[in-house]
Structure formats: C-alpha cells, structure tokens
Amino acid sequence: MTLRLFNTLTGQLDELSPANGGELRMYACGPTVYDYGHIGNFRTFLQVDVLRRFLKLTGVPVRHVMNITDVDDKIIRNAAELGISIGEYTPKFVDAFFEDLDSLRVERPEFIARATEHIEKMVQLIQRLEAAGAAYKTEDGSWYFRLKSFPEYGKLSKKDLTGIEDGARVDVDEYEKDSARDFALWKAVKPGETSWDTAIGRGRPGWHIECSAMSMEFLGESFDLHAGGEDLMFPHHENEIAQSETATKKPLARHWMHVRFLLVDGKKMSKSDGNYYTLRDLLLKGYKASAVRMALISVPYRHQLNFTFDGLTEATNAIDRLRTFHERVTKAALPTGESEAMQQAAAKARAEYFAALANDLNTADARAPIFDLVRAANTALDKNEFLAGDREAVLATLKDFDAVFDVLEDRDAGPTERAVAWAQADGREVAAELLTRQGLSDGEIDALVAERTQSKKQRNFARADQIRNELAEKGILIEDSKDGVRWKRK
RNA sequence: GCACCGGUGGCGAAGUGGUUAACGCGCUGGUCUGCAAAACCAGUAUUCAUGGGUUCAAAUCCCAUUCGGUGCUCCA
C-alpha cells in the first residue's frame, strides 16, 4: 500500500516512496531550544511521527533527520539576560524536549543534528554559494543570499515576489543589503555574542542555512521528503530551497509536507492570550500523556485542530474504551474455534484502517474502523460467539492500529511522575490530587481488591463498597467481569 | 488591504456528485449487576452556515452573503 500524501510543491496528492528504493530519506525541522515545547510544537512532531510510523508499518524503512536549532536570536537574548553562554542555556531545554517526546511516545529520528555542531558545513555551503555568485558579504561582515540569483524563488509557497518593490519593508539595520528581501546566511559578530571564527569571518549562522547544510550532510543533495509546520513554508523552507538548489542544481526535496497550526479555544495560541500550554502544563493538570497524543493526532495534519480541555477528556475516554477492550480480548477465556464473522470483521477493519492512513494520513478516518471492530467484537464476546481463534486476528488489527497511534498500553504514570518531579524541582506548585494518586502501589491496590472480593463473597456489601469508594477517591476504578475483577488507574 | 482555509448532531470529526450522513465523546431509556463499572441494545442531524444557481441527482460543483481562522513579519 503506497501512501498518497499532499505535496505542497505540486499542490496535489503525490505518492510518497523512496526515490532510490531502500530508505525513505526525510528531513523534518525540529525545535529552537529557547523554551519548553508547547502543544503546537508537539502537534507537528506527532504528525511527523504518524508519518514515519505509517511508512515503517507499510514496510518502508525511514532515514529521518531532525535538526535542533541551538543558536538563534531568542536563545542569544535569553542567555544574555541570564548572563550565561548559549552553551549553558540550551541543554536544559534540549533535555526537556526529548523528555517530552518520550512522554508523547514520539519515536526518535534516526539522526539528530545540532546547528552548533555543523558550523563548518554551513560555512562551506556559503562559500559554495559565493562561488556561484549567489552570496555576498556586506561591510559589517554579514553574508546574504542574493534572491535575484534564484528565479524560482516562491515556488513552494506560491508567492510571486516579482511585483514586490524593494524598500517596502526595509529593515533599517540592513541597509547594506543589495535587495531588501535578500536573507542572511551569516550574521557578523556583535559585541558579547556567541560567535565562531571561520573562513568567511567571525560570526554566527543565519537560521536557514543550518537546514540546508545538515540535510545535505545526512541525506545528500536531494532527498525524498521535507516536513515542518506550516509557518515554516515561508520564508524558512523557501530560503532553504534557494540556498540548496542554487548550490547543488538539484531539487532539495521531491515532496514537502506542512502541518497546520493548531488553535486553542478557537484562537491562535499565545502567551499573552493566556491560552499557551506546554506539555508539562497539561500533565500537571492531570491529563495523561496518551490523551495528549491521541488528541493531537486524531485531527488530520492538514486541518486546523482546535485544542480544548474537552477534547483531551474525549481522547482520554476514547483511549479507555480501547484499553478496556484490548485487555478483555487478551484475557478472556474463549471457546475453541474460529468464527467467520470475526475473522472478516478484523480483516475489514484492518484494510479500512490502512486505506484511511494511506489517503493523506487521514487519522480521523482511520480510527473509525477500529472502533467498529471493537463494537463488533464486544458484541460477539457478550454472546459467547467470539472464539479462541479470533483473538489473534483481532489483536493483529489492534497491533497495526497501535503501531501508529501507540496508546493501547498504559504507560501514563511515567510521564506524569516525571512532570511532577520536574515541577517540584523547579519550585512549581503541584496539585494535591496528583500527589495522592501516586500514593498507592499496585500491590496495595491488589490487596484491597482482594479484600473487597472476599467481602462480596460473604455478602458484606457495605465493606465492599467502602473499599471501592476509597479506591475511587484515589483514582482507582474497579470493574467486575465474568473473567474476574480488574482495576485501572483513572 | 491582498491571499488562502474552513463552517456537518450537545461537542470533536469523517465523508467532496448517487444506498438509511462514518467514527469518538456526551446525554436519555433499556439489558446485565447485590449496587456499580465495563459491555451491549435503542434513541439522540429528514439534514450538512445562509440565499440563489447547475444537475435526473449536491453536504459534496458554481455565485453571492455571513461567520470563524490563518498567512503576507519571529513562530511548530
């Protein structure tokens, strides 16, 4: 099954497959590590995760590179305010970023490329551009890309810049540029700023050059897919194309994927509007990492997603349904044999699931057949028509579902515990409820559940209900079934 | 201002010319249960922002209106 993915460059759904057979080589823009990641960042990384997981599920090996921008204006500014170097400033946020990715179960790209570790490659690329007549140095020692040297500029974002007059938006600090739209490749050193002493002078890289240099380093001069948030389309990706293609005379990437911004409560997220959330904020409000993952994944990447707390609750409950079902199918005592109906239902769900994802990663559509299967199987289980031979077929379909969604197994305690530990270490307030929930060990719960079962046998329902209520207060829910008692953490 | 995207049940969200408008959450009633929970069953949009048009046929195409969002500048 071949994935048909919207290609920003062509404006249509194009099949995505490795140009040279073998690995699919992709580059996805990563974070600028000047602060903790917010849910908008993570929507993009999660959607790219969906993409790479689906590729792997369909048998396409992936060579995925993500950059870490660990030098830029904001980082320099923030570090300066604290009176420390950028090398002292960024590690905390790099670590936090990867911890958050782990919490959200985002797979690690095969390669992580840090801007500050590839300065030399960037310098070489700028020299190459200079040789091609596309880069020039200004009096202060900065280097710029000459936009006029790349007539195709704007082909990705479909912008026609020919009609835009120079001077309309000239930045007064940049009067030395040949043209107002020429963009920086290298910024001359300023007093007190981090800089590198290089063949093209002392300074630091412009933002766009790192991606051109590092994608070339890890993926070659032309590769299969380049992805990122929609905001990066212009100017960032447009500039990457200009730099790379001018230097190599080859298409940078055949396929471009852009993830739409999310809204929070119907508005663009911003700190001043008070609707700005990091992953940690949500975990500390008691939401599960899996629910955040589910909520951010369930709306297809090309659609605006309106993030709300109701949406997180919905995701939480949907996951509960799936997990409850998964456990039921796994553990139920079943009559021997195979039922034609269930075999077919599992196969149909699987086929529809794959078809939905292959159609431009339609995650919303992909969920539907899985829930259809859950209902059909629950019904069969209730009627004792679900047979032992059906278990494998249904679990196989769930496994394919989870290969992309990755929410079935309850691993939510870890991220929440980490968030709590981080908040306490950081001197932040932690809700008491969150702490009490962590108060009971599995063994203690098992003991209480056993006592309740015993009480029930003795028809001491008062004691049984008392135990159930006590556990409920601590976020533990009990469910009696014909296959025994099970409990789960809310 | 210019450009783009979208308005589908209480909420989220599929579906982009043709069976009873997926799926999830929620809500109501029922079955099951000592009571719950889970699960299942039934109900919950005669209708897809509004008005007009094209067509044998439109949520799906066209026009207008309206509302919301985004981009044009750092931003995932």
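Remember, predicted model here, so these are calculated numbers, not experimental data. Throughout, a chain's letter reflects where its sequence line sits, starting with A, and its residues are numbered from 1.
Although no hydrogens or angles enter the test, the distance criterion places no donor-acceptor pair under 3.5 Å between the side chain of A:Arg463 and the main chain of A:Glu451. When atom types are taken as modelled, the side chain of A:Asn41 and the backbone of A:Gly37 share no donor-acceptor pair closer than 3.5 angstrom. Panel note: side chain A:Asp360, backbone A:Phe6; a donor-acceptor pair is recorded below 3.5 Å.
One interatomic measurement links the two molecules: CG of A:Asn41 to C1' of B:rA76, which rounds to 5 Å at whole-angstrom precision. Going from atom CD of A:Gln304 over to atom C1' of B:rC4 covers 11 Å, rounded to whole Å. A:Gln466 places its CD atom 17 Å from the C1' atom of B:rG34, with the value rounded to the nearest Å. Nucleotide B:rA39 holds its P atom 14 Å from the CG atom of A:Asp480, rounded to whole Å. The nearest whole Å value for the distance from the CD atom in A:Glu238 to the P atom in B:rC72 is 13 Å. B:rC35 atom C1' lies 14 Å from atom CG of A:Asn460, rounded to whole Å. Distance, A:Leu262 CG to B:rG6 P: 18 Å, rounded to whole Å. Atom P of nucleotide B:rG24 and atom CZ of A:Phe405 are separated by 13 Å, given to the nearest angstrom.
In this structure, A:Val299 reaches the sugar-phosphate backbone alone: every heavy-atom distance under 4.0 Å involves primed, P, OP1 or OP2 atoms, never a base. Contacts of A:Lys268 with the nucleic acid, taken as non-hydrogen atoms under 4.0 Å apart, include base atoms.
Comparing B:rG69, B:rG34, B:rC75 by their nearest atom to the side chain of A:Arg459 picks out B:rG34. The nucleotide whose nearest atom lies closest to any side-chain atom of A:Asn378 is, among B:rC35, B:rC23, B:rA39, B:rA39. Side-chain proximity of A:Phe261 to the nucleotides B:rA76, B:rG34, B:rA39 is greatest for B:rA76. Taking the side chain of A:Arg468 as heavy atoms from C-beta on, and the options B:rG24, B:rU70, B:rC35, the nearest nucleotide is B:rC35. Residue A:Thr44 places its side chain closer to B:rA76 than to any other of B:rG24, B:rG34, B:rA76. Distances were taken from every side-chain heavy atom of A:Arg486 (C-beta onward) to each of B:rA38, B:rG34, B:rC40; the shortest belongs to B:rA38. Side-chain atoms of A:Arg452 lie closest to B:rC35 of the nucleotides B:rC41, B:rC35, B:rC23. For A:Thr379, the side-chain atoms get nearest to B:rC40 when compared with the rest of B:rC40, B:rU73, B:rG24. Nearest to the side-chain atoms of A:Phe234 among the listed nucleotides B:rG24, B:rA76, B:rC72 stands B:rC72. Of all nucleotides listed (B:rG69, B:rG34, B:rC23), B:rG69 comes nearest to the side chain of A:Leu263.
Rounded to the nearest Å, the gap between the P atom of B:rC48 and that of B:rC32 is 40 Å. Rounded to the nearest Å, the gap between the P atom of B:rC61 and that of B:rG18 is 11 Å. When the P atom is compared between B:rG26 and B:rU20, the two are found 29 Å apart, to the nearest whole Å. Here, B:rU54 and B:rU66 have their P atoms 23 Å apart, quoted to the whole Å. As rounded to the nearest Å, B:rG17 and B:rG6 have P atoms that lie 14 Å from one another. Atom C1' of B:rC35 sits at a distance of 27 Å from the matching atom of B:rU44, rounded to the whole Å. The gap from the C1' atom of B:rC23 to that of B:rG9 amounts to 13 Å, rounded to the nearest Å.
Ring pair A:Phe145/A:Phe150 is perpendicular by interplanar angle, where above 60° counts as perpendicular and below 30° as parallel. By the 30° and 60° cut-offs, the orientation of the rings of A:Phe45 relative to A:Phe97 is perpendicular. Using the six-membered ring where Trp is involved, A:Tyr27 and A:Phe223 have ring planes that are tilted, between 30° and 60° apart.
Residue A:Arg375 places at least one side-chain N or O under 4.0 Å from the OP1 or OP2 atom of B:rC23. Between A:Arg181 and B:rU73 there is a side-chain N or O to OP1 or OP2 distance below 4.0 Å. For A:His236, no side-chain nitrogen or oxygen approaches OP1 or OP2 of B:rA76 to under 4.0 Å.
Under a 4.0 Å N-O distance rule, the pair A:Lys488/A:Asp410 does not qualify as a salt bridge. A salt bridge links A:Lys348 with A:Glu352: the distance from a Lys NZ or Arg NE/NH1/NH2 to an Asp or Glu carboxylate oxygen falls below 4.0 Å. Ion pairing between a basic and an acidic side chain is recognised when a charged N comes within 4.0 Å of a carboxylate O; A:Glu193 and A:Lys187 show no such pairing.
Taking the six-membered ring where the residue is Trp, the centroids of A:Phe93 and A:Tyr36 are separated by under 6.0 Å. Between A:Phe111 and A:His64, the gap from one ring centroid to the other reaches at least 6.0 Å. Checked against a 6.0 Å centroid threshold, the rings of A:Phe309 and A:Tyr277 count as neighbours. Checked against the 6.0 Å centroid threshold, A:His208 and A:His237 do not count as a close aromatic pair.
Taking the nucleotide of RNA chain B with the nearest heavy atom to each of A:Lys488 and A:Ala368, the more 5' of the two is matched to A:Ala368. Residues A:Ile478 and A:Asp372 both approach RNA chain B. Their nearest nucleotides, taken by heavy-atom distance, put A:Asp372 toward the 5′ side.
Taking a pair as Watson-Crick or G-U wobble with both distances under 3.5 Å, the runs of three or more consecutive pairs in RNA chain B are B:1-7 with B:66-72, B:10-12 with B:23-25, B:26-31 with B:39-44, B:49-53 with B:61-65.
Shown for residues 308-327 of chain A: residues whose heavy atoms fall under 4.0 angstrom of RNA chain B, namely A:Glu314, A:Asn317, A:Ala318, A:Arg321, A:Thr324. Within residues 352-365 of chain A, the residues approached by RNA chain B to less than 4.0 Å at the level of any non-hydrogen atom are A:Asn362, A:Ala364, A:Asp365, in residue-number order.
Taken from CD1 in A:Ile209 to CH2 in A:Trp143, the straight-line distance is 11.5 Å, to the nearest 0.5 Å.
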